[in-house]
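Numbered from 1 within each chain, the chains take letters A, B, ... in sequence-line order. Small disclaimer: the values here were computed from a predicted structure and weren't measured.
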Amino acid sequence: MDYDPQELEARWRERWAEEGRYEADPVGADDPDTAAEEDATFITVPYPYPSGGMHIGHARTYTVPDVYARYRRQQGDNVLFPIAWHVTGTPIIGAVERLKKGEEEQLSVLRDTYNVSEDTLADLETPMGYARHFIEQHYKKGMKNLGLSIDWRREFTTNDDRYSQFITWQYETLRDRGLLEKGLHPVKYCTNEKQPVTTHDLLEGEEAEFQEYTLVRFGHGDTVVPMATLRPETVRGVTNAYIDPDADYVIADVDGEEWFVSAPAVEKLQLQGHDVTPKRTVAGEHLVGERVTNPITGEEVVVLPADFVDAENATGVVMSVPAHSPDDYVALQEAKADDERLREYGIDPDEVEEIEPVPILSIEGYGDIPAKTAVEEAGIESSADPALEEATKELYNSEFHSGRLNDEYGEFAGEIVEDVRGRFRDAYRDEGAFGTMQEFSEEVVCRCGGDVVVAEQDTWFLRYNDEAWKQKAHDVVSRMEAIPENTRGEYDHTIDWLNEWPCIRNYGLGTRLPWDDEFVIEPLSDSTIYMAYYTIAHRLDEIPVEDLDREFFDALFYGADAVEDPDERALELRAEWLYWYPVTYRFSANDLISNHLTFYLFHHAELFGEAQWPAGIVIMGMGLLEGEKMSSSKGHVVLPGAAIDEYGADTVRFFLLNSAEPWQDYDWRAEQVESVQTQLERFWNRAQDVVDDPGPEERPDLATADRWLLSRLQRTVATVTEAMEGSETRTASQAAFYDFEEDLRWYRRRTDRSRPAARWTLREVLETRLRLLAPFVPFLTNELHEQLTGTPAEDAPWPEVDDDLLDRGIEAAETQIERLVDDIQGIRQSLQNADEDVPEADPDRIRVTVAADWKHDVFGTVADLGADQGAVMGEVMQDPDLRERGNAVNDLVGELIEFARGRDDDELDALAGLDEQDAYERAADFLGREFDAEIVVQKEGEDVEARKQAVPFRPAIELEAE
RNA sequence: GCGCGGGUAGCCAAGCGGUCAAAGGCGCAGCGCUUAGGACGCUGUCCCAUAGGGGUCCGCAGGUUCGAAUCCUGUCCCGCGCACCA
C-alpha cells in the first residue's frame, strides 16, 4: 500500500468526527466530590482572533498543545482540549470598515492572501459576518485538517450573550471587591473624528509614546505663562525664555486664570481636563522682550524670539537653561551675536549680553558649565549642526543618571537627578507652581488624516497596582510550573511592573460595562478566566440567558452556600468545572507574558481558590517563513490549507513540532518541509514491509543484534517519555524518529533481516515507535498501527520501558564493534591517503589482537575504584605478578584511567563484564563482509604478540595483504 | 534605556565541564545498486599525515580548572518584547 496522505488523512478525519472522538466529559461525575479528578487533564491555548485568516504560525500554536493532549490521552488521562473565538474590541470592526470603504490594501489581503471570492465579500460587511467567515472557512477548517483533538461542542465567541453574562459576573465581582477604580487616563484622541483611537487606526506615529511634560507656571503680571519641560529640576537654572515670534498664541481663561499658550495647545488643554475659554489670539511677538517671573526663584527673565520653538508641541513657550542644555546654550550664543534682531524686537542687546548660564547641578567630567563643555568638545558652532542633537542627548542622559543637584535645592540638594526628579516635581505641583501636560514624543496622525493628540479620559481601571493582589499573583507563580523554567522570573517581573490597567473602551465588540453601557470591556480584560467557561460552555446553551445572573455564577463558582437559593443547574455545572479545573497547562506565546498571561494569573488568584489556580504555562516561540517574519499584508504567509494540500497534515505537524522546541523560534522552510515528507514516506514504506511480513506471533530466540535493537528501543522509550513530560516535542520526536533511525541503520547493516527473530524484532520496534509518534503524526501512525494490530495507535497505551529488554552488556559489546569498525576504517583511510600505493590499504586479512587477561584484570580494578590513579596503583601493586611488570602496569593504568574518566559506573561495569574476544569473534562474519577480508581474532599472550600495543577495548589491529 | 533569547564547520542545527574535530540534516565529491534518473546503502567533506596519529577550531578578549564549545568576567554583534494593542 502506497503512502497517500490525502486519502488516508481524510479517512481519519471523518472517523474522528463521526465518533466524536475528542469530546471529553467528566468521568464519575455522578459523585462530584469524589470524581476521579487526578486523571483530568485540561489543556488550553489562547483562542484565535479571527480578524484575518489562519497562517502556518497559528497552525503551530494550536498543534503544540494538541500533541501534549494526545500524549496525555495515551497515558490514560481524560483530556479536555477546547477552543473558542475572541472577537472583542476593534480589530474586526476596523477590518470591516476598511473593507466597506474599499481600501485597496484590505481588499488585496482578503482576495489574494485569503482567497475570499467576490460574491462572499458582501457577507464580510458585518463584524460577526466577517468573524464567522474566518472562523468557519479558515480556523475551523484548518484545525480540523491538522487533526487537532478538539472538543468542538464547547466553542463560543466572546460576543455571545451567555459569555457576556459570565464577564458581567466577573466585573461586578471585581468591582465589589474594590479592584476596579474610576479615574483619568491619557488616551490617543483624533481631533478630526472627535474620539479615541487605537494604534491600529493610526497612519503615522504608531511608535509614539506618551510624554509627561511639567508646566512651570511663569508669571507675566497676572497672566500665567506655562513653560513645558521634561526636566523640571532645572528650573533654578533658567536664564531666559524662548517663544516663536511668528506663531499664533492665545490668551485664554484656563480654570479661572489667564494663561498665555500657543494656539494648538488650547484644544489639548481642553482635552486634558482643563476648562479653557480663548479670549484673543496674538502673535508670539507679543511676549517677546517681556519679563516673566520664575515661580520658584522669583527672578524675572526676559523672553527671547527663537525659530526653533515649536508651537505645535506642548505650550509653545519654553524656558532656557543654557548651563545644562546644549540647545539652549547655542541658542543663547546666537541671540547674543544678533544685536540687530534683538533691537528689532525692542530688546536691549546689552541686557542679553549679560545673561550668563546658571549651573544648578554638578556632574563629573563636564566642568562648571556642562552644556558649554559639551558644545565645545563636540566643536559645535551653530544650531544647524547635526551634532548638537547628539550632544544634547548625551548630556541629558549623563545628567539624569549622575548629575547631583546643587545646594540651593535645599532638601533635594546632593541627590541624583534620576532619584529626585519625581519628588521635586510632585512637591511643586502640590504647591501650585507646576502643572502637567501630556504630549506625544512624535507626530501622530489618524488614518482619517486628523491630528491625534493626548486626551485625558474618564476610565475604569483594573487595580493591578494593588499590593495584596500583586502578592496573590506572585503566590500563583511560585506554585505553578513554568516551562521553560527561565520564564518564571518574567511573570514576577511583570506583576511588579504592572500598574493600573484601563479595562474599557468607547467602542468595539464584546461585553458592555455592566453599570455603564456606553463602554465595552476591552479584549485583554475579557479573556482572563474564560478557561472556566470552556468547562461549561456546551451545557450553558440549555439555560436561558436571563437566568445567567450574578447569583447563578456565584453558585457555580462559589458553591451552594454562597447564595441564598442556589440554582440546581448551576450546582451541576459546578461539578463539571471542579472536575476539569485547574488548567493543567496553558500554551501561549512569549510576548503574552507581559500582559495576557499575567492578567490570567491575577484574575485566577483573586477570583478562584488555590486548588483552581493555573498549574502550568508553556511558552511558545515565534515563527519565521524562509528566515523572514511572516506578514499577511505583504502576502508573505503560508496558509495551512495550502501546506496540508501539498504535503499532508502529518508532514506539516511533524515539521512544526520537530524543527524546534515549543518555546524556541522556528523557521518554515519549504525545502525542509519537503524533506520531512520524504522521511515520512520512507517510514511508511519500511513499515509496510513489516506489515506484509510480521514474523512469528511468539517471540523466537533472539540474536545479539535483535537484543541490542530492543535494548536501544527501551532507551528511546525512556528518552521520549521524559521529553514529553517536559513538553520537549523536538527532543521527543527527534529521539523516536531520527535518532532511532540511526540505530535501525546499524541494525540493517549488521544482521540478516529475513530471520524470523529479526521479523519479530522489527514488528515489536515498529509497534512501539508508532505509539511514541502517535501524538505527532496521528494519521499515519493510527493507520499503520491499525494495519499491524487492529487498533489505532492513539487507542494503544503509551509504551513503558521493559527492564528485561534493557541490556547494558549487549550495548557495550556493540559499541565495541562499532569502535572496531571505525578504527579499521581509520587505518585504511590513512593508508589510502599515502602518495604511493600501499597494498595494506585494501587488506586481505585483518588481525585483531585482544589485550591479555592481566590487562583486563587491571581494568576490572579501575572499574571498581574509579578514575583514581593512586588508589588503582595501590590495589594493583598488591598482586606480585603485576608488580613484576612494573612500568608497563603504570602506563596501562594511566591509559585506562583516561578511558574511564567521564564514563559512568554502569557503563564501566558493563565493560568489565564483557568478554571482548568473544564479542569480536561473534562479529567476525560481519567484519569480514564489511571489509571483504579474512578476520583473525586472537588474544595477546605468551605465544601471540601484536605489532602494536593492545589495551582493553582497544585491540591491536593489523592490516595484512598477501 | 529595561527585560529575555542568541552568536557552533559552505548553510540549517544539536551539544552546555572529560567519551568533542564536535550528532543529525542540506549541499558537494567518490563508490555500490540501477537501462538511466530518483530513492537507497557505504565513504569522504578545517589543515597535515604510508597504521587507528598530530595541529588548529565553537563571535572577540581575559579568567577558573588537571581538563572549557560547555563555567565566570568583560566586550562586540543579532533577534524579540516593553502596556492600554491583539
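Relative to the side chain of A:Trp501, the nucleotides B:C26, B:G5, B:C85 differ in distance, and B:C85 lies closest. The side chain of A:Val838 lies closest to B:U50, out of B:G3, B:G53, B:U50. Considering only side-chain atoms of A:Arg682, the nucleotide from B:G41, B:G24, B:G53 that sits closest is B:G41. Of all nucleotides listed (B:G53, B:A51, B:C26), B:G53 comes nearest to the side chain of A:Arg954. Distances from the side chain of A:Arg749 to the nucleotides B:C85, B:A83, B:U43 place B:U43 closest. Checking B:G52, B:A83, B:U50 against the side-chain heavy atoms of A:Trp497 singles out B:A83 as nearest. If you check B:C85, B:A51, B:G44 against the side chain of A:Glu958, the one that comes closest is B:A51. Checking B:C40, B:A14, B:G52 against the side-chain heavy atoms of A:Gln664 singles out B:A14 as nearest. Taking every side-chain heavy atom of A:Arg730 into account, B:A23 is the closest of B:A23, B:A83, B:U43. Of all nucleotides listed (B:C4, B:C42, B:C26), B:C4 comes nearest to the side chain of A:Glu490.
Separation of the C1' atoms belonging to B:G27 and B:A9 is 13 Å when rounded to the nearest angstrom. B:C40 and B:G25 are spaced 11 Å apart, taking the P atom of each and rounding to whole Å. Rounded to whole Å, the separation between the P atoms of B:G24 and B:G41 comes to 13 Å. Separation of the C1' atoms belonging to B:C16 and B:G5 is 15 Å when rounded to the nearest angstrom. Going from the P atom of B:C78 to that of B:U70 covers 23 Å, rounded to whole Å. Taking atom C1' on both nucleotides, B:C60 is separated from B:A69 by 14 Å, rounded to a whole Å. When the C1' atom is used for both B:G17 and B:C58, the distance is 15 Å, rounded to whole Å. Taking atom P on both B:U50 and B:U45, the two are 16 Å apart, rounded to the nearest angstrom.
The CG-C1' distance, from A:Leu624 to B:A13, rounds to 14 Å in whole Å. If you take CD1 of A:Ile619 and C1' of B:C80, they are 13 Å apart, rounded to a whole angstrom. The separation between A:Glu522 atom CD and B:C85 atom P is 8 Å, rounded to whole Å. If you measure from atom CD of A:Gln825 to atom P of B:A51, you get 15 Å, rounded to the nearest angstrom. At whole-Å resolution of the value, CD1 in A:Ile824 and C1' in B:G52 are 10 Å apart. Distance, A:Ile897 CD1 to B:C66 C1': 13 Å, rounded to whole Å. Whole-Å rounding puts the A:Leu462 CG to B:A83 P distance at 18 Å. Nucleotide B:C4 holds its C1' atom 18 Å from the CD atom of A:Glu661, rounded to whole Å.
Contact annotation for A:Pro502: base contact, defined as any heavy-atom pair under 4.0 Å involving a base atom. Counting non-hydrogen atoms under 4.0 angstrom, A:Glu671 reaches the backbone sugars and phosphates but no base. Within 4.0 Å (heavy atoms only), A:Pro955 reaches at least one base atom of the nucleic acid. Within the nucleic acid shown, A:Arg828 has no heavy atom closer than 4.0 Å to any nucleic acid atom. Residue-level contact check: A:Leu524 touches the bases, meaning some heavy atom is under 4.0 Å from a base atom. At the heavy-atom level, A:Arg488 lies nowhere under 4.0 Å from the strands shown. Contacts of A:His596 with the nucleic acid, taken as non-hydrogen atoms under 4.0 Å apart, are absent.
Sequence order on RNA chain B of the closest nucleotides to A:Arg748 and A:Ala660 puts A:Ala660 first from the 5' end. When the nearest nucleotides of RNA chain B are assigned to A:Ser830 and A:Thr678 by heavy-atom distance, the more 5′-ward of the two goes with A:Thr678.
For the 3.5 Å distance criterion, the side chains of A:Thr678 and A:Glu681 fail to qualify, holding no donor opposite an acceptor. Defined by atom type and a distance below 3.5 Å, a donor-acceptor pair is missing between the side-chain atoms of A:Gln672 and A:Ser659. In summary, the side chains of A:Ser594 and A:Thr494 do not present any donor paired with an acceptor at a separation below 3.5 Å, with no hydrogens or angles considered. Checked by atom type, the side-chain pair A:Gln825/A:Arg828 shows a donor-acceptor distance below 3.5 Å. A donor-acceptor pair shorter than 3.5 Å can be found between the side chains of A:Asp526 and A:Thr88.
The ring pair (Phe, Tyr, Trp, His ring centres under 6.0 Å) test with A:Trp501 is passed by exactly one of A:Phe599, A:Tyr464, A:Trp460: A:Phe599.
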Practice prompt. Decide side chain to side chain donor-acceptor pair (under 3.5 Å) for A:Tyr920 and A:Glu916; before the verdict, give the C-alpha distance in whole Å, the side-chain angles of both, and the deciding distance to 0.1 Å.
Written response: CA-CA 6 Å; A:Tyr920 298 149; A:Glu916 213 186 335; 2.7 Å; yes
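Note: A:Ile935 CD1 to A:Phe926 CZ = 10.0 Å, rounded to the nearest 0.5 Å.
Taking the six-membered ring for Trp and the full ring otherwise, the centers of A:Phe683 and A:Tyr3 sit at least 6.0 Å from each other.
Closest approach of A:Leu509 to A:Val520, counting heavy atoms only: O-CG2, 3.5 Å.
One N or O donor and one acceptor, one from the side chain of A:Asp823 and one from the base of B:G52, sit under 3.5 Å apart.
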Worksheet item: RNA chain B in dot-bracket, Watson-Crick or G-U pairs under 3.5 Å, [ ] crossing, | other strand?
Response: ((((((((.[[[..)..(.....]]]((((((.......))))))(((....)))...[[[[[..)....]]]]])))))))....
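The side chain of A:Asn486 contributes an N or O atom lying less than 4.0 Å from OP1 or OP2 of B:G5. The side chain of A:Arg669 places no N or O atom within less than 4.0 Å of a non-bridging phosphate oxygen (OP1 or OP2) of B:G25.
Relative to the six-membered ring of A:Tyr600, A:Arg586 meets both conditions, a distance below 6.0 Å and an angle of at most 45° to the axis.
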